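First comes the structure, then the notes that go with it.
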Amino acid sequence: MSEEKQKRIALIASKGTLDMAYPPLILATTGVAMDMDAGIFFTFYGLDIINKHKYSSLKVPPLANPAMPNPVPGVPVPNIVGALPGMTMVATAMMKSWMGKANVATIPKLIESCQKAGVRMIACQMTMDVMGTDKADLIDGIEVGGAATFLDFAADSDISLFI
Amino acid sequence: MSVTADKTVDCKGLSCPEPILHTKMAMNELSSGQVLEVLATDPGSVNDMDAWSKRTGNPMLDKIEKDGVFQFFLKKA
């Protein structure tokens with residue numbers, strides 16, 4: 001590693017559901033732990049991952065997700081049940097219970113790890129305007145920028161993923 | 001073979017990516033040549049620790065599995 005140029009990982013987080021908030025945060029923190037330089041561009045619903053009013057209550061969508069494990073093994077639940085009122089809360093509570101059992105870190109804890117590790121976190125200005133998100137709604141240490149800011153960072157990256 | 005560790009980090013019960021993050025933080029506190037012992041129960045950590053060792057250049061001296069606990073010995077480069 002010493003003589004080599006430092007590797008860089010550039011990620012785009014575009015989803016605001018609990019399950020999709022994990023991959024960018026896990027990859028960025030692990031990247032830094034592996035001596036890489038890591039950055040995440042938060043855009044559209046992905047802004048919720050760094051919204052201090054929302055990031056501890058991200059939810060799991062029960063609709064159109066046939067991979068969702070059944071609450072009672074062997075008893076399939078028709079997908080349309082996910083459309084009933086309150087099912088998002090039920091699916092989210094189920095997922096959080098499984099994650100608790102597997103001892104998976106929470107989103108706020110992973111965000112804290114990102115901040116400590118020095119992950120570069122950029123909020124997309126254009127989508128902040130669209131979604132009515134103010135800089136004051138975001139957690140501390142977030143940069144605000146646009147496509148050019150991300151591309152400038154990503155142009156020198158070795159790994160780039162859209163999540 | 002027996003390796004003596006200068007520091008131990010207990011990651012038993014923790015899931016990805018925590019064992020790697022704790023390993024990195026603990027390694028930062030060691031000096032070159034010192035040995036870090038990592039304890040983990042996450043089966044994914046077996047491959048992850050090898051990958052981390054290779055990528056960061058801190059050699060894996062030994063790894064032992066006993067009663068579902070993985071023990072890794074990493075030497076600070």
Side-chain angles (χ1 to χ4, degrees), chain A residues 1-11 13 18-40 49 69 94-121 157-159 161 163, chain B residues 5-61 63 65 67-77:
Chain A
M1 163 67 220
S2 46
E3 293 90 30
E4 252 177 86
K5 182 189 156 285
Q6 189 182 27
K7 299 281 183 190
R8 175 175 285 185
I9 175 166
L11 304 168
L18 179 63
D19 49 334
M20 296 304 275
Y22 275 96
L25 304 182
I26 289 179
L27 291 172
T29 50
T30 305
V32 174
M34 293 176 85
D35 293 337
M36 298 179 192
D37 175 23
I40 312 172
I49 304 170
M94 270 166 48
M95 181 64 78
K96 283 195 166 173
S97 144
W98 296 328
M99 285 177 160
K101 279 181 200 147
N103 216 357
V104 176
T106 61
I107 294 299
K109 180 142 189 280
L110 281 171
I111 286 284
E112 192 190 324
S113 296
C114 283
Q115 288 170 316
K116 275 193 198 154
V119 172
R120 186 170 177 201
M121 295 193 274
S157 73
D158 302 280
I159 304 165
L161 299 171
I163 300 169
Chain B
D6 295 287
K7 186 182 172 77
T8 298
V9 56
D10 187 355
C11 300
K12 292 198 291 287
L14 298 180
S15 288
C16 172
E18 298 288 316
I20 290 290
L21 304 187
H22 286 284
T23 299
K24 173 65 174 174
M25 282 189 286
M27 203 57 126
N28 283 346
E29 292 165 18
L30 295 186
S31 325
S32 182
Q34 286 190 303
V35 175
L36 177 71
E37 175 191 27
V38 182
L39 302 174
T41 47
D42 171 23
S45 66
V46 178
N47 275 336
D48 280 0
M49 285 293 168
D50 277 334
W52 184 83
S53 160
K54 179 171 153 258
R55 181 58 59 188
T56 59
N58 298 295
M60 175 84 72
L61 300 180
K63 50 181 172 180
E65 190 203 340
D67 302 327
V69 177
F70 303 98
Q71 197 179 12
F72 305 95
F73 291 95
L74 294 149
K75 186 177 175 181
K76 173 121 175 182

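Reminder, nothing fancy here: chain letters follow the sequence lines and each chain counts from 1. Just so it is clear, the model here is predicted, and its values are computed rather than measured.
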Note to self: Do the side chains of A:Asp35 and B:Lys24 get close enough for a salt bridge, i.e. N-O under 4.0 angstrom?
What the structure shows: yes
Margin query: Which atoms of A:Leu110 are under 4.5 Å from chain B, going by heavy atoms: the side chain, the backbone, both sets, or neither?
Written below: side chain
Check: Is there side-chain contact between A:Ile107 and A:Ile111, with heavy atoms separated by less than 4.5 Å?
Finding: yes
Check: How long is the gap from CG on B:Leu30 to CE on B:Met27, to the nearest 0.5 Å?
Finding: 6.5 Å
Check: Checking A:Thr29 against chain B: side chain, backbone, both or neither under 4.5 Å from a heavy atom?
Finding: both
Next item on the list: With the side chain counted from C-beta on, respond yes when A:Ile40 and A:Leu25 share a heavy-atom pair under 4.5 Å apart, and no when they do not.
Entry: yes
Note to self: Is A:Lys109 in contact with chain B via its backbone, its side chain, both, or neither, using a 4.5 Å heavy-atom distance?
What the structure shows: side chain
Next item on the list: Measure distances from B:Ala51 to the heavy atoms of chain A and classify the residue's part below 4.5 Å as side chain, backbone, both or neither.
Entry: both
